[in-house]
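Accompanying notes for the structure given below.
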Number of protein chains: 2
Amino acid sequence: MDSSEFRKHAHQMVDWMADYMDNVDNYPVKSQVHPKKIYDQIEKGIPQKGESIDLIFKDFQKKIIPGITHWQNPNFFAYFNANASPPSILAEMLTATLGIQGMKWETSPASTELEERMMEWLGDAMGIPKTWTGVIQDTASTATLASILTAREQKTNYQINEKGFGESTKFRIYCSDQTHSSIEKGAKIAGFGKDNVIKIPTDDQLALRADLLLQQIKQDIKNGLEPLCIVVAIGTTGTMAMDPLKEIAQIAEEYKIWLHVDAAYAGSALILPEYQPLIKGIEKADSFVFNPHKWLFTNFDCSTYFVKDKNALVNTFAILPEYLKTKTDGLVNNHCDWGIPLGRRFRSLKLWFVMRYYGLEGLQNMIRYHIDLAKWLENEIHKAANFELVVPRSMNLVCFRFKPKGNNDLEKLNIINEQLLHQLNATGSLFLTHTKVDSVYTLRMVIGQTNVEKEHVEKAWELIQKTANEMTY
Amino acid sequence: MDSSEFRKHAHQMVDWMADYMDNVDNYPVKSQVHPKKIYDQIEKGIPQKGESIDLIFKDFQKKIIPGITHWQNPNFFAYFNANASPPSILAEMLTATLGIQGMKWETSPASTELEERMMEWLGDAMGIPKTWTGVIQDTASTATLASILTAREQKTNYQINEKGFGESTKFRIYCSDQTHSSIEKGAKIAGFGKDNVIKIPTDDQLALRADLLLQQIKQDIKNGLEPLCIVVAIGTTGTMAMDPLKEIAQIAEEYKIWLHVDAAYAGSALILPEYQPLIKGIEKADSFVFNPHKWLFTNFDCSTYFVKDKNALVNTFAILPEYLKTKTDGLVNNHCDWGIPLGRRFRSLKLWFVMRYYGLEGLQNMIRYHIDLAKWLENEIHKAANFELVVPRSMNLVCFRFKPKGNNDLEKLNIINEQLLHQLNATGSLFLTHTKVDSVYTLRMVIGQTNVEKEHVEKAWELIQKTANEMTY
């Protein structure tokens, strides 16, 4: 394809992309297709001869779009957002065209150095200590794994990297019973096993109980086990509960335990000064992760990982075979040594576009607006006779359930709410997901899509009430 | 930014992108900036107020482009290619705009199901057994790690995932002394330690010696160690050596050792029937990885990982917390359980665009053309009095050095060739990297950029000869 053909088609795509942005709220948020519907429509094998972009693009619209769940639809209230934004998409277009590798400094100095600066911008805006260093990872799962591995190697003086586990694992990793599955996944990968991930009970706000953590640590030490790492959640996935970092940091300091802070979603709100008290004590932690690809309007993937001691991280991952040696080794940062993959996309570019285009104030305004919308909904639920908040609103997440008056049967209410969720999602007008709080089936409504406005939340709330009240059960 | 502003700027970008494609060979291939040059030009902190895209885009051209090493320049002969292509870029534009997550089937059925089909297209075209299943990973490093972890869990009946390492590691991983650093990295992460990665010596083609592998395995068993996994390289990074899969597969079968095949770069050439004999024995292996983001014209990241037993993979990684439960669990594939990250981009779309646009024949022609260009260069080097091939050409990789007549001093020749490499790269007219073969400093020239033509190789060869012959040393 020569550049003139590319130019023609790319302009066509742009018009479709802009139209998509205009119309995205007219698509069913959650794809309504049945399993194998898309699969069956795709030809069984690679075509022998090439086909035209016109034909492929037509098929994209006809065959692929119905199988898309529209994460950029402002009525997407499910999971946590994975937000795109226009400046971020513009940057992704350039990134795809340049097609460079950011693995070593020399493979594109701009990628490494812009990333260094963007990490400073973000860290400063969020209150991360200025002496820390940041690097982009693909996801928080990977960053958390990197943190656990660094803890492992620092504790053993890099002996597991060298010789492997030398004896039965005595290491323990602590987190609350609400923290993300990625901690268990990371512990498994790193060879600790899920049985050594100790899930500390939570309080009535679903935040880790520091007193019980301390008790467990003391008990473990008594039993000859070695506390290795604590993972604090600033915003759990289920209900966005906030673990008490400051208290836990003191325990970590006293017992010299590695401390990782997982603020994957809620971290974006730390650009608001009023939320920075949530990470008081961060200077005693060892690492921190949050995902601009969630609530900071920067296309997936872009997870930012900050560490106190960059050498500990690099010493955990660096390997330098001959074919990767460059003249500048030792003088510059080679980000391939800062994580698992060798190859790396030019991901800092989109952060630069987003942070400059919106400015700090613009980003703050968007996040404050989302939180205000959640407050509005929280208040509506308070007033509604047949609904209740399951836990208090946290930032922009509202956890609630339908509870028709006089109905106190837990099992029955769970079934009703599960049915309500599926009926709502089947309308295509919105998309919610659920969690369980203790045993209570709970609807989660995250109000954080890039383009969400008051009207979307109002309409959603209307539909939720109407659907619930018309349900037969 | 509303859609009309996006539309305007995106059209501007497209024009720049098409112009870039036209002019990419006028940029210095390897960025010529000094460390901190780019960093120092970027403002020290996030701006308070938003800025215009016009300004940001101007800065992109002025401040970022000089720090770019142009991987899409046809004179890029370094490392292995990470190729973009016009159809792939078009797909990336759509992917960025949709901004969906492919973590679970329900989060966008089209992402999962198109991925399933694309893996079938690729697997069939390359001669992967039809009963195998494929999934996209970010990089081969991650896929190899996934393979090692699956081997670990299958061997221990998922006990390390559950309980962690129960005793001193007795497991051994085998690969040749030429295989990629990702194997050592994976072994470290998985808790085996680098000392348990046994690097088997290679023959004069730098391919793993199966006889020595067998000998080592027997010895290890005698010593009470447990052979866990063999990694076969189809195309090593240094010289694209081909390990004898068929022979090794027989050993793996006899001793019931997990067998992973790493064809990260060379795998693309398996779409040529004449190269498929290289993976004879694949049916006895357990997993296979190759990167369409290298030589199959599909933007990074897109590494495809094929496994014989998908359940072994899924059982190694699956965790199902409440907030990720969906109605279709058990009925469909949820790709978040097939690797490390939870979130996943819609990466199959670009494979679909690339494979349909070029068709199998188009892709085959491009790869055959690159190999023919490498043959031409090989022949030129044969004829040149002052150059020699260090190892025979393998596919599209030519490994050679400058060897002025009568000069046999290894150390001196190494210094001369290192100097030659840096002088060549400093011209900006081409970009080569090096490796060492035994102790011989060797220039690597990979002829596989999407847009490389005969004229680029001719000009490069001219420049190499001229620079070498004019060098003072």
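Labels below follow one simple rule: chain letters A, B, ... track the order of the sequence lines, proteins then strands, and each chain is numbered from 1.
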Q. Would you say B:K185's side chain and A:I319's backbone share a donor-acceptor pair under 3.5 angstrom?
A. no
**Q.** Segment of A:L349 engaging chain B (4.5 angstrom heavy-atom cut-off)
**A.** side chain
(Q) Do the side chains of A:E113 and B:K36 get close enough for a salt bridge, i.e. N-O under 4.0 angstrom? (A) no
Q) Sequence neighbours excluded, which residues qualify as side-chain hydrogen bond (donor to acceptor under 3.5 Å, both in side chains) partners of A:T107? A) none
Q: Tell me yes or no: between the side chains of A:Y358 and B:E51, is some donor less than 3.5 Å from an acceptor?
A: no
(Q) Applying salt bridge (Lys or Arg N to Asp or Glu O under 4.0 Å), can you list everything that pairs with B:D40, at least two apart in sequence or on another chain? (A) none
Q.
Ignoring hydrogens, what is the shortest heavy-atom contact between B:S141 and A:L342? Give both atom names and the distance.
A. OG-N, 3.7 Å
Q) Is it the backbone or the side chain of B:Q137 that comes under 4.5 Å from a heavy atom of chain A, or both, or neither? A) neither
Q) Got a donor-acceptor contact below 3.5 angstrom from the B:R117 side chain to the A:Y39 backbone? A) yes
Q. Which answer fits A:I42, side chain, backbone, both or neither, if we ask what part of it has an atom under 4.5 Å from a heavy atom of chain B?
A. both
Q. Passes side chain to side chain contact (heavy atoms under 4.5 Å, CB included), A:M17 versus B:L94? Steps please.
A. CA-CA 7 Å; A:M17 289 154 66; B:L94 298 174; 4.3 Å; yes
Q: Pick whichever of A:G362, A:S85, A:P35 has the most heavy-atom pairs under 4.5 Å with chain B.
A: A:P35
(Q) Rounded at 0.5 Å granularity, tell me how far CG in A:D59 sits from CZ in B:F353. (A) 9.5 Å
Q: Against chain A, label B:F60 side chain, backbone, both or neither, depending on which of its atoms sit under 4.5 Å from a heavy atom there.
A: both
**Q.** Per-residue contact mode, A:K325 against chain B (heavy atom under 4.5 angstrom)
**A.** both
Q: Given side-chain hydrogen bond (donor to acceptor under 3.5 Å, both in side chains), test A:Y441 with B:E322 step by step and report yes or no.
A: CA-CA 10 Å; A:Y441 193 96; B:E322 189 64 35; over 6 Å; no
Q: Enter the distance from A:L98:CG to B:Q72:CD here, rounded to the nearest 0.5 Å.
A: 8.5 Å
Q. With a 4.5 angstrom heavy-atom cut-off, which part of A:E92 approaches chain B: side chain, backbone, both or neither?
A. side chain
Q | Portion of B:E361 that has a non-hydrogen atom of chain A nearer than 4.5 angstrom | A | both
**Q.** Max heavy-atom pair count under 4.5 Å with chain B, selected residue of A:N83, A:N299, A:L363
**A.** A:N299
Q) How close do B:G238 and A:Y323 get, heavy atom to heavy atom, and via which atoms? A) N-CD2, 4.2 Å
Q. Minimum heavy-atom separation for B:A96 to A:I89, with atom names?
A. O-CG1, 3.7 Å
Q: Can you tell which part of B:I189 gets under 4.5 Å to a heavy atom of chain A, answering side chain, backbone, both or neither?
A: both
Q | Atom pair CD (B:E43) and CE (A:M355), whose distance is rounded to the nearest 0.5 Å | A | 12.0 Å
Q: Run the salt-bridge test on B:K44 and A:D124 with the 4.0 Å N-O cut-off and return the result as yes or no.
A: no
Q: Against chain A, label B:F171 side chain, backbone, both or neither, depending on which of its atoms sit under 4.5 Å from a heavy atom there.
A: neither
Q: Sort B:E106 into side chain, backbone, both or neither according to what part of it lies under 4.5 angstrom from a heavy atom of chain A.
A: both
**Q.** Atom group of A:Y158 that falls short of 4.5 Å from chain B, counting heavy atoms
**A.** neither
Q) Between atom CD1 of B:I271 and atom CD1 of A:I46, what is the distance when rounded to the nearest 0.5 Å? A) 6.5 Å
**Q.** For the student: nearest non-hydrogen atoms of B:M93 and A:M13, plus distance
**A.** CE-CB, 4.0 Å
Q) Checking A:T139 against chain B: side chain, backbone, both or neither under 4.5 Å from a heavy atom? A) side chain
Q: Please examine the side chains of B:F165 and A:I160, heavy atoms only from C-beta on, and report whether any two atoms are closer than 4.5 Å.
A: no
Q: Kindly state whether the ring of B:Y357 and the ring of A:H9 have centres lying under 6.0 angstrom apart.
A: no
Q. What part of A:A84 is in contact with chain B, defined as an atom under 4.5 angstrom from a non-hydrogen atom: side chain, backbone, both or neither?
A. side chain
Q | Quiz item: cation-pi between A:R345 and B:F300, 6.0 Å / 45° | A | no
Q | Check ion pair B:R344-A:D301 (N to O, under 4.0 angstrom) | A | no
